[in-house]
Amino acid sequence: MSLTLHYHPLSSFCWKVLIPLYENGTAFEPKQLNLQDPQEVAAFRALWPVGKMPVLVDEHHDRVLAETTIIIEWLDHHHRGETRFVPEDWEQAHEVRLWDRIYDLYVQHPMQRIVFDRIRPPEQRFAIGVAEERELLRRTMAMVDAYVADKHWATGEQFTLADCAAMPALFYADKVEPFEGRWPHALALLERLKARPSVARVLREAEPWFRYFPKE
Ligand SMILES: N[C@@H](CCC(=O)N[C@@H](CS)C(=O)NCC(=O)O)C(=O)O
């Protein structure tokens, strides 16, 4: 098979790439990574030294692709399907790319740091850092909520790259800073995203792993 995705079903950034693959029914081989296995980690790092999931190997084009946004742009160009993830219109594409960055950098990243702190031994936890990440996450969520108030998908009428970024970001952000009663429009967008078949499939496949999500 031409495409192989190195991933884990619980990983939020892996969801971001699974969504567009499922959206267009793109054929690929899923290779689940076991980060507890040093040999697997070494093999994965030989592929992509940064060591962040997911990584897509495109044999046909002889390319190893990392970084979710770059992977989705690649799929949109080389493995095009009915759903397009980057609009043809330059202004719209610019807006989509902005919100893709906002969801990754200011929703997912603070959320990840808050969650990762939970799995550290208590003496190595970083309370001030976590408080700062929460503050950033809350400020960003207030901005997201106001922006999506009049939108169906993350940036408007078209389901795009920004939605692929929004879904995992909002799903896990809601777990660490519950949206209910604070950010109703973001919550409504999250519910619409969860109902989309490609997203529902990602969530179904992640379900058996949810018990490993570190709660407070
Ligand atoms: N900027 C990267 C972020 C990817 C990322 O943070 N992946 C996490 C999983 S959600 C990861 O690989 N964590 C394992 C590690 O850091 O060792 C992207 O967009 O692909």
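Atoms considered below: every heavy atom in the structure, side chains included; atoms not considered: hydrogens, waters and symmetry mates. Numbering of ligands and ligand atoms starts at 1, following listing order.
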For this session: May I ask you to check whether Thr69 has an N/O atom sitting below 3.5 Å from an N/O atom of ligand 1?
Result: no
Problem set entry | His109 N/O under 3.5 Å from ligand 1 N/O | no
Exercise. So how far is it from Asp58 CG to Thr4 OG1, rounded to the nearest 0.5 Å?
Worked result: 9.0 Å
In terms of residue, atom name and distance, what is the protein heavy atom nearest to [atom]?
{"atom": "atom 1 (N) of ligand 1", "answer": "Glu67 OE1, 2.8 Å"}
{"atom": "atom 17 (O) of ligand 1", "answer": "Gly51 O, 4.2 Å"}
{"atom": "atom 9 (C) of ligand 1", "answer": "Ser11 OG, 3.4 Å"}
{"atom": "atom 4 (C) of ligand 1", "answer": "Met53 O, 3.2 Å"}
{"atom": "atom 13 (N) of ligand 1", "answer": "Lys52 CD, 4.2 Å"}

Exercise. Any luck finding a side-chain donor-acceptor pair between Glu205 and Tyr22 under 3.5 Å?
Worked result: yes
For this session: Would you indicate whether Asp150, at its atom CG, is surrounded by more than 12 heavy atoms from other residues, nucleotides or ligands within a distance under 6.0 Å?
Result: yes
For this session: Report, as yes or no, whether the 6.0 Å neighbourhood of atom CD1 on Ile128 holds more than 12 heavy atoms from other residues, nucleotides or ligands.
Result: no
For this session: Within a distance under 4.0 Å of any heavy atom of Ser12, pick out the atoms of ligand 1 and give their elements.
Result: 10 (S)
Problem set entry | Side chain His8, main chain Leu10, donor-acceptor under 3.5 Å | yes
For this session: Taking Arg45 for its side chain and Val41 for its backbone only, find out whether a donor-acceptor pair lies under 3.5 Å.
Result: no
Exercise. Which part of Gln112 is near ligand 1, with near meaning a heavy atom under 4.0 Å away: side chain, backbone, both or neither?
Worked result: side chain
Exercise. So which of Ile71, Leu35, Thr68 gets nearest to atom 20 (O) of ligand 1, if we judge by its closest heavy atom?
Worked result: Thr68
For this session: Take Thr69 and Arg97, measure what side-chain hydrogen bond (donor to acceptor under 3.5 Å, both in side chains) needs, and give me the verdict at the end.
Result: CA-CA 9 Å; Thr69 302; Arg97 289 189 172 103; over 6 Å; no
